[in-house]
Protein chains: 2
Amino acid sequence: MEKRVEESHLQRDANWQHFRTIPPGTQVAARNRLSEHVFVVCGGWAFRFFQLPNGRRQILNFLLPGDLFSATSVFEEKFLFSVNALTEIQISGMRRSEFQARLAANPKILTALASACVVETQAADEMLAALGQRSAEERIAYLLLHLMQRIAARSVIREQGYYFPLRQQNIADAVGITSVHVSRIISLFRDRGIAELSDGFLRVLNLPELERLGSLN
Amino acid sequence: MEKRVEESHLQRDANWQHFRTIPPGTQVAARNRLSEHVFVVCGGWAFRFFQLPNGRRQILNFLLPGDLFSATSVFEEKFLFSVNALTEIQISGMRRSEFQARLAANPKILTALASACVVETQAADEMLAALGQRSAEERIAYLLLHLMQRIAARSVIREQGYYFPLRQQNIADAVGITSVHVSRIISLFRDRGIAELSDGFLRVLNLPELERLGSLN
DNA sequence: CGATCGGTTGATATGAATCAACGTGCGTGG
DNA sequence: CCACGCACGTTGATTCATATCAACCGATCG
């Protein structure tokens, strides 16, 4: 698949080193563990989540190439969340002290960080609204639209479709419903000619309808 | 009620002007409206929310004395949310440009802002987990505990109770359930001797049990 | 070849929404 | 000063969305 990855300022300007390639399914950060490093995802998909004591997990967001694990980890020395590789990923880290030094020296990085922080918060707020106020169907539609935008910002879209490596269980963990119910709703979308999702690939057949369902406005 | 308000660094160091007192129920910020100012709440309670087209609203968080409307509004010139006064409030604003100038000049303010950002994000993540993975009962317990901590950080607690100006509808809008269901669950808490909530006052009778229900760990 | 994983589908159970009625306190205007 | 309306909370009956439990299928892999 042809892919034009557009690097963020954070990725371009901050001069990262210590590249690592990590197989899918690996947990690359654990809540409450100390880390002297700030990490970016350079390739592949990961997700940030909370593990609850009852065995459930809430996926807080998905990390795409160019994303910091979280803007907050620039200031916080403990991880406040866990991170897991969804696909094979490349990540690279920089000592927090070094990052902060660069931050002070290069206003472009500060701007990029502030912008990342705004985007993160905005996304969290919208997800909060989706989880609190919308039906399962609407939440899934919202998630699809949200991820489509993020994918589109990073790569060329091929054959009217999107590379989309989420399992139904991941969708379930992100929008707070059961994977069984996710299956039913995805089937519904397929039957109604709204979208098809299979085998790591998302094809949207009726965008206006998907937006009608998923848009928060 | 005796109250020792502890000002945050943001409030103390940034030298705010343009104080305004605002009656309860007033909307003090509207999503998508431009604002040249950054605002802090100096007294009273407010809440930040999204208004959905179907008439529902999601309360994103509650604003207590010392809180910025949001750390993101330091960088973003449009409000990404709306804000409403829960009680009578005092707010004060500063031109964004001026705030940014002070930010550059005084590292203490930068630290305070970064810390506010971390706290905000962490709170949003936890709320996400609560909304996605927990029952109505657990969500309400979580909200009570969360607010108790924030109140306790700001003022002396009186008679084993907390000043707590939320209406049941506000709780409903925050945790994503119906106000009648909130009523049932609050009654349940009362019947089970866990907590009493009435008339702007919260009294916790069985903290361990409330924590068992509401804690995310 | 069996085991495991991801997805599908059906039957049933349950938590929460909805609809509705009612109570109580409070402010306002007659 | 009373009467009315209104906001807020409570409670019951019913409905509905989603969870749970269970069986099954196809693909993949050791």
Side-chain angles (χ1 to χ4, degrees), chain A residues 23-25 45 47 52 54-59 84-87 130-144 164-192 195-203 213, chain B residues 23-26 52 54-59 84-88 130-144 164-192 195-203 213:
Chain A
W45 289 48
F47 60 88
L52 302 198
N54 56 7
R56 292 178 161 182
R57 64 171 45 162
Q58 174 67 34
I59 292 182
N84 211 310
L86 193 59
T87 65
L131 292 192
Q133 308 299 331
R134 320 289 306 273
S135 71
E137 195 176 83
E138 294 167 323
R139 293 184 211 180
I140 292 180
Y142 170 75
L143 179 66
L144 297 186
F164 197 86
L166 310 207
R167 316 269 90 214
Q168 294 191 351
Q169 182 64 56
N170 300 132
I171 299 178
D173 291 342
V175 305
I177 67 183
T178 296
S179 73
V180 176
H181 203 52
V182 171
S183 169
R184 291 191 218 275
I185 286 172
I186 297 293
S187 302
L188 211 81
F189 283 179
R190 196 176 1 252
D191 295 349
R192 288 200 264 154
E196 285 175 8
L197 180 51
S198 69
D199 213 27
F201 206 74
L202 168 66
R203 187 181 312 268
L213 284 173
Chain B
T26 313
L52 302 198
N54 56 7
R56 293 178 161 181
R57 61 171 48 161
Q58 174 68 35
I59 293 183
N84 212 309
L86 194 60
T87 65
E88 175 176 293
L131 293 192
Q133 308 298 331
R134 319 290 304 274
S135 71
E137 196 175 83
E138 294 167 323
R139 293 184 210 181
I140 292 180
Y142 169 74
L143 179 65
L144 297 186
F164 197 87
L166 309 207
R167 316 269 92 214
Q168 294 191 350
Q169 182 63 58
N170 301 131
I171 299 178
D173 291 342
V175 305
I177 66 182
T178 295
S179 73
V180 326
H181 202 52
V182 171
S183 169
R184 291 190 219 276
I185 287 171
I186 297 292
S187 302
L188 212 81
F189 283 180
R190 195 175 6 250
D191 295 348
R192 288 200 262 156
E196 285 174 7
L197 181 50
S198 69
D199 213 27
F201 206 74
L202 168 66
R203 188 181 313 269
L213 284 173

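What you see is a predicted model, and the numbers here were worked out from it, not measured in a lab. All chains are named by letter (A, B, ...) in the order of the sequence lines, taking the proteins before the strands, and each is independently numbered beginning at 1. The basis for the numbers below is simple: all heavy atoms, side chains too, and nothing from hydrogens, waters or symmetry mates.
- The residue B/S198 sits apart from the nucleic acid: no heavy atom pair falls under 4.0 Å.
- Not a single side-chain hydrogen bond (donor to acceptor under 3.5 Å, both in side chains) links A/Q168 to another residue, sequence neighbours left out.
- At least one side-chain heavy atom of B/P24 sits under 4.5 Å from a side-chain heavy atom of B/E88.
- Using a 4.0 Å heavy-atom cutoff across all strands shown, B/V180 reaches at least one base atom of the nucleic acid.
- With a cutoff of under 4.0 Å to any heavy atom of chain A, the contacted region of DNA chain D is bounded 5' to 3' by D/dT18 to D/dT20.
- With sequence neighbours left out, the salt bridge (Lys or Arg N to Asp or Glu O under 4.0 Å) criterion links A/R134 to A/E138.
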Contacts under 3.5 Å, N or O only, protein and nucleotides 12-16 of chain C:
unit_1	atom_1	unit_2	atom_2	d
C/dA16	OP1	B/A136	N	2.8

Quick one: side chains of residues 172-191 of chain A, donor-acceptor pairs under 3.5 Å with protein atoms, not counting sequence neighbours, listed by atom name and distance.
unit_1	atom_1	unit_2	atom_2	d
A/D173	OD1	A/Q169	NE2	2.9
A/S187	OG	A/S183	O	2.8

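- Taking side-chain N and O atoms only, A/S183 has no distance below 4.0 Å to OP1 or OP2 of C/dG6.
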request  = Step by step, work out the side-chain contact (heavy atoms from CB on, under 4.5 Å) result for A/Q58 and A/L52.
outcome  = CA-CA 8 Å; A/Q58 174 67 34; A/L52 302 198; 5.7 Å; no
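- Rounded to whole Å, the distance from CZ on A/R190 to C1' on C/dT8 is 9 Å.
- Rounded to 10°, the helix from C/dC1-D/dG30 to C/dG30-D/dC1 has 30° between the axis fitted to its first five pairs and the one fitted to its last five.
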